[in-house]
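Here's the structure we're looking at; comments come further down.
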Amino acid sequence: MNEIFLSPYKPEETEGRIYKVWVDSGFFNPENLPSEHVDPFSMVLPPPNVTGTLHMGSALMLAIEDIIIRYQRMQGKKTLWIPGTDHAAIATETKFLKDKKISRNDYTREKFVQMVNEYALDTQQTIIKQMKTLGASLDWSRLAFTLDDNRKKAVEEAFMRMYEAGLIYVGERLVNWDLKGQTTVADDEIEYESEESMLYTFKYSPNFPIEIASTLPETKLADVAVAVHPEDNRYKQYIGKSFDTKFVNGIGLNIKIIADESIDKEFGTGAVGITPAHSKKDYDLALKHGLISKNQKLHQVISEQGKIINSHKSLNDLKFKEAREEIIKWLKENNLLTKEEKISHEVPRAQRGGGIILTLPKRHQFFVDVNKPIPERDNKSLKELMREPVVQGQIKILPERFEKVYFQWIDNLRDWNISRQIWYGHNIPNAWYKEDDVQISKNQPGSDWKPIDDTLDTWFSSGLWTFSTLGWPNDTKDLKTYHPTSVLETGYDILFFWIARMILMSQFLLGEVPFKTVYLHGLVRDEKNRKISKSLGNNIDPVDMIAKYGADAVRMAMIIGTSVGNDSKISTEKFKAYKHFANKIWNITRFVLENTKDYKETDEIAPKHKDLIKNLEDLIVDVTKDMDEFRFYMAAEKIYHYVWHEFADKIIEESKNDLRDETLKKSAQKTLLHILEQSLKLLHPFMPFITEEIWQNLSKQQLLMVTPWPK
RNA sequence: GCGGGAUUAGCUCAGUUGGUUAGAGCAAUUCAUUUACACUGAAUAGGCCGGGGGUUCGAGUCCUCCAUCCCGCACCA
């Protein structure tokens with residue numbers, strides 16, 4: 001027996017060495033797997049941010065995915081799991097600026113992007129190293145980065161094809177403007193926070209017959225109409241009439257009274273000031289009632305710097321909040337303000353950075369049209385292409401209830417604004433402008449045309465991930481073999497951001513689904529049910545946990561008690577418990593090896609030992625079913641229970657007598673060895689390091705990672 | 001407003017399609033100690049499975065109502 005078993009299991013002495021054995025074997029790359037691995041099984045790793053470090057969420061993700069891929073590899077599949085990192089445009093640019101304490105305006109754009117990129121490639125090494133410590137069997141030869149040259153080609157191709165199909169349009173449109181981040185953001189990058197705001201009730205001028213209510217009186221400088229409910233008796237008489245008003249300091253506003261069913265009679269005064277330039281709903285309403293035309297220049301009164309523009313000279317250049325005070329003051333002086341009340345309502349904020357979101361018109365904005373019928377896809381729209389495969393079951397989402405959430409999101413989906421004003425990211429390809437005109441062309445259309453220097457929403461490139469990592473747009477062997485990918489495993493919090501966009505891109509560009517099964521895991525919380533975050537200081541660092549308890553214990557702790565789609569709680573106690581388990585396996589091995597030193601092959605198995613083997617086979621069947629049906633947490637628990645409380649507590653205890661009995665000795669030895677080996681196989685996807693280490697010491701020819709799963 | 005989830009032992013959670021006596025980890029109590037392993041073992045205690053009603057031979061599991069907590073989406077003048 002190898003003497004390493006004489007001392008307790010020391011993960012730190014095993015893990016690095018075993019990981020190297022795996023890497024050297026080349027088996028992370030499917031092309032190097034033994035020839036009996038034929039049927040492909042593929043997954044992409046949801047790329048962590050380059051600047052990130054491993055946190056509990058990513059540890060859980062890696063644990064589940066590595067379990068899936070190791071299981072499939074042992075099932076004889078030609079397994080590919082592709083690693084990568086995400087340039088995470090806004091997140092990285094913000095973090096860089098903060099870390100380096102600089103402003104991007106101190107540099108040329110070119111220089112700045114180069115600096116961020118160097119920084120990103122530098123920090124990338126940290127997260128890659130940490131992924132390895134957890135035992136992730138990723139094919140590092142295919143490592144991708146969302147902003148590398150191959151992905152740039154894919155982004156350009158995708159953009160051009162969508163543009164040529166008329167799915168991307170450009171123009172002056174209302175956008176969500178993140179005042180703090182100084183960029184546009186997509187609808188689902190907005191979070192609504194409940195805040196107390198003042199609701200002001202007032203008239204524009206004494207001659208105006210209707211009072212309106214607003215929490216943003218400064219936007220009223222751009223009003224064109226007042227909308228009321230058609231059945232509202234208070235206002236019926238005014239519908240269709242127009243009024244010339246003298247609003248703040250005498251600004252002339254011509255206000256028409258319109259009627260629309262969507263107006264709530266109960267809220268405020270039941271009359272709404274319509275501001276096409278600063279509200280999407282108002283814009284739609286104004287368009288519907290013919291107050292504006294589609295390509296009309298809107299009257300914008302708040303700038304991207306949050307200051308008043310195009311208004312009275314006494315207000316221009318004031319910050320919008322200062323202007324609000326001035327307006328209220330003026331309304332009071334003119335006896336036009338009739339009510340001020342505090343109301344609680346949802347205020348839009350940027351999900352990243354928390355900046356105030358302003359709605360305003362912005363030119364040169366690119367949008368993906370989600371409703372346009374696509375001739376080359378049976379006249380289906382992107383919305384339909386996203387919806388269909390989930391309805392028809394070509395994509396299965398686990399847990400199933402998220403399918404409903406997905407449909408609800410699609411139903412409310414609006415065109416996707418993909419322009420961003422940050423610098424770090426994919427440039428919008430081949431885009432030029434002259435004043436308000438925009439052209440897409442490989443070469444500069446004329447000497448007076450300038451390149452548009454916006455970048456693309458980071459999810460545009462992430463959406464291509466399942467195939468851009470396989471070589472697309474080139475027609476590669478990888479693409480043919482591994483796409484659609486088999487399983488996509490990720491947190492439910494990026495169902496819309498990422499999963500939906502991958503389906504969109506793959507359905508349009510390839511005409512097929514990006515993956516067949518989506519497995520969603522929940523958020524990891526601390527023992528007090530709080531979200532794990534740096535600001536709360538409750539961050540349990542998986543890197544520390546691995547150092548302290550070993551990667552195998554961390555994997556088991558992450559997986560057990562974590563059912564699909566549900567949030568889970570984690571505490572250091574749990575890691576400790578599975579470190580004990582690792583040691584238990586170690587000692588089981590010591591016992592078996594000590595007692596089988598003189599074992600010689602035999603065919604004679606005592607009936608009582610046959611029963612033990614039969615029980616084990618039942619477990620194998622049970623666990624295999626759990627694995628196939630994505631119940632990894634249950635499989636792990638069952639194996640754990642078997643190894644500790646059946647094998648160690650009962651089988652080994654009872655074997656002590658048999659081993660002293662010469663007639664039973666050989667049979668007992670064979671049984672012990674058999675159960676040990678089968679247990680190691682079952683445990684391998686969950687606890688790869690210790691099981692491989694033991695396997696090596698059983699003098700096996702083949703690595704456990706490519707040993708067939710027991711039947 | 002629409003939708004979803006949770007509620008099971010002191011704590012944290014499992015419980016697959018309804019089917020014997022509802023499980024695990026941690027915590028608690030008692031006992032064992034020249035043991036493969038104290039990172040141990042054996043045993044004990046602890047549960048009207050949130051509440052009411054229903055379906056069923058049978059409900060933690062299915063239906064319905066209610067309560068509390070959490071989440072998503074929409075509205076947000």
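Every chain is numbered from 1, with letters handed out A, B, ... down the list of sequences.
- Using the Watson-Crick or G-U wobble rule with both distances under 3.5 Å, B:A24 pairs with B:U12.
- One distance of note links OG1 of A:Thr14 with CD of A:Glu693; it measures 3.5 Å at 0.5 Å rounding.
- Judged purely by atom type and a 3.5 angstrom limit, A:His278 uses its side chain to pair as donor or acceptor with the backbone of A:Val301.
- Counting only heavy atoms from C-beta on, A:Met634 has its side chain closest to B:G15 among B:C76, B:G15, B:G25.
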Test A:Glu403 against A:Lys396 for salt bridge (Lys or Arg N to Asp or Glu O under 4.0 Å), laying out the working first.
CA-CA 8 Å; A:Glu403 294 189 354; A:Lys396 190 88 211 123; 3.5 Å; yes
What N/O pairs connect the protein and nucleotides 17-22 of chain B at under 3.5 Å? Give each pair on its own line.
none

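- Residue contacts shown for A:Ile212 are absent, as no nucleic acid heavy atom lies under 4.0 Å away.
- When each of A:Lys638 and A:Lys579 is assigned the nucleotide of RNA chain B bearing its nearest heavy atom, the one mapping closer to the 5' terminus is A:Lys638.
- Taking atom C1' in both B:G52 and B:G15, one finds a spacing of 25 Å when rounded to whole Å.
- With hydrogens and angles disregarded, a donor-acceptor distance shorter than 3.5 Å links the side chain of A:Asn595 to the backbone of A:Phe591.
- Between the CD atom of A:Glu646 and the P atom of B:A24 there is a distance of 12 Å, given to the nearest Å.
- Using a 4.0 Å heavy-atom cutoff across all strands shown, A:Asp264 reaches at least one base atom of the nucleic acid.
- In terms of modelled atom types and a separation under 3.5 Å, the side chain of A:Glu629 and the main chain of A:Asp626 share no donor-acceptor contact.
- Among the candidates A:Ile494, A:Leu504, A:Thr490, the single residue satisfying the side chain to side chain contact (heavy atoms under 4.5 Å, CB included) test with A:Ile499 is A:Thr490.
- If you take CG on A:Leu523 and CE on A:Met56, they are separated by 14.0 Å, rounding to the nearest 0.5 Å.
- Judged as a salt bridge (charged side-chain N to carboxylate O under 4.0 Å, His left out), the pairs with a partner in residues 406-417 of chain A (not counting sequence neighbours) are, in order, A:Arg387-A:Asp411.
- The base of B:C37 sits within donor-acceptor range of the side chain of A:Lys584, with an N or O pair under 3.5 Å.
- No donor-acceptor pair closer than 3.5 Å links the side chain of A:Thr275 to the backbone N or O of A:Ala277.
- Here the separation of B:U7 from B:U56, taken at their P atoms, is 27 Å to the nearest Å.
- Following rounding to the nearest Å, A:Lys548 (NZ) and B:C39 (C1') show an atom-to-atom distance of 14 Å.
- Atom pair A:Ile560:CD1 and B:A14:C1' shows a separation of 10 Å (rounding to whole Å applied).
- Contact between A:Ile302 and A:Thr219 at its shortest, heavy atoms only, is CD1-CG2, 3.8 Å.
- When atom types are taken as modelled, the side chain of A:His521 and the backbone of A:Gly565 share no donor-acceptor pair closer than 3.5 angstrom.
- Side-chain rings of A:Phe402 and A:Tyr492 approach one another, their centers coming within less than 6.0 Å.
- A:Asn587 has its CG atom 11 Å from the C1' atom of B:U35, to the nearest Å.
- To the nearest whole angstrom, the two C1' atoms, one in B:A9 and one in B:A67, are 23 Å apart.
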Taking only N/O atoms, report every protein-nucleotides 1-6 of chain B pair under 3.5 Å with atom names and distance.
{"from": "B:C2", "atom 1": "O2", "to": "A:Gln408", "atom 2": "NE2", "distance (Å)": "3.3"}
{"from": "B:G4", "atom 1": "OP1", "to": "A:Lys404", "atom 2": "NZ", "distance (Å)": "3.0"}

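- Within the nucleic acid shown, A:Lys656 comes within 4.0 Å of at least one base atom, counting heavy atoms only.
- Taking only side-chain nitrogens and oxygens, A:Arg590 comes nearer than 4.0 Å to OP1 or OP2 of B:C37.
- A:Asp552 places a side-chain N or O within 3.5 Å of a backbone atom of A:Ile690 that can act as its donor or acceptor partner.
- Rounded to a whole angstrom, the distance from the C1' atom of B:C66 to that of B:G10 is 28 Å.
- Proximity of A:His645 to the phosphate of B:G25: a side-chain N or O atom is located under 4.0 Å from OP1 or OP2.
- Across the P atoms, B:G41 and B:A24 are found 14 Å apart, a figure rounded to whole Å.
- For A:Lys548, the NZ atom sits in a loose shell: 12 or fewer heavy atoms of surrounding residues, nucleotides or ligands are nearer than 6.0 Å.
- A donor-acceptor pair under 3.5 Å is formed between the side chain of A:Thr269 and the backbone N or O of A:Glu211.
- A straight line from NZ of A:Lys10 to C1' of B:C39 spans 13 Å, rounded to a whole angstrom.
- Taking atom CG of residue A:Asn595 and atom P of nucleotide B:U35, one finds them 13 Å apart after rounding to whole Å.
- By the 4.0 Å N-to-carboxylate-O rule, A:Lys342 lies too far from A:Glu195 to be salt-bridged with it.
- Within the shown strands, B:A6 is the pairing partner of B:U68 under the Watson-Crick or G-U definition, both distances less than 3.5 Å.
- Taking the P atoms as reference points, B:G47 lies 12 Å from B:C11, given to the whole Å.
- Of the P atoms belonging to B:G54 and B:A28, the separation is 43 Å, rounded to the nearest Å.
- Without hydrogens or angle criteria, A:Glu384 side chain to A:Ser381 main chain gives a donor-acceptor distance under 3.5 Å.
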Could you check A:Tyr283 against A:Ile292 for side chain to side chain contact (heavy atoms under 4.5 Å, CB included), going step by step and ending with a plain yes or no?
CA-CA 8 Å; A:Tyr283 178 88; A:Ile292 51 170; 3.6 Å; yes
Show the distances under 3.5 angstrom between N or O atoms of the protein and N or O atoms of nucleotides 27-32 of chain B.
none

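- Atom CZ of A:Phe591 and atom P of B:A36 are 6 Å apart (whole Å).
- RNA chain B is contacted by A:Tyr192, A:Leu199 of residues 192-202 of chain A, taking any non-hydrogen atom closer than 4.0 Å.
- Residue contacts for A:Ala582: at a heavy-atom cut-off of 4.0 Å it reaches no nucleic acid atom on any strand shown.
- In this structure, A:Phe496 has its ring center no closer than 6.0 Å to that of A:Tyr406.
- Distance, A:Phe407 CZ to B:A74 C1': 18 Å, rounded to whole Å.
- At a non-hydrogen distance threshold of 4.0 Å, A:Phe267, A:Val272, A:Lys281 from residues 265-284 of chain A come into contact with RNA chain B.
- Here B:C73 sits opposite B:G1 as a Watson-Crick or G-U wobble pair (both hydrogen-bonding atom distances under 3.5 Å).
- Both A:Thr562 and A:Arg414 lie near RNA chain B, and the one whose nearest nucleotide falls closer to the 5' end is A:Thr562.
- Nucleic acid contact for A:Glu629: none, since no nucleic acid atom lies under 4.0 Å from a heavy atom of the residue.
- Residue A:Glu346 places no side-chain atom within donor-acceptor reach of the base of B:A74, judged by atom type and a 3.5 Å distance cut-off alone.
- In this structure, A:Phe402 reaches neither bases nor backbone, as no heavy-atom distance under 4.0 Å exists between it and the strands shown.
- Looking at heavy-atom distances under 4.0 Å, A:Asn412 makes contact with sugar-phosphate atoms alone, never a base.
- B:U64 and B:G3: their P atoms are spaced 12 Å apart (whole Å).
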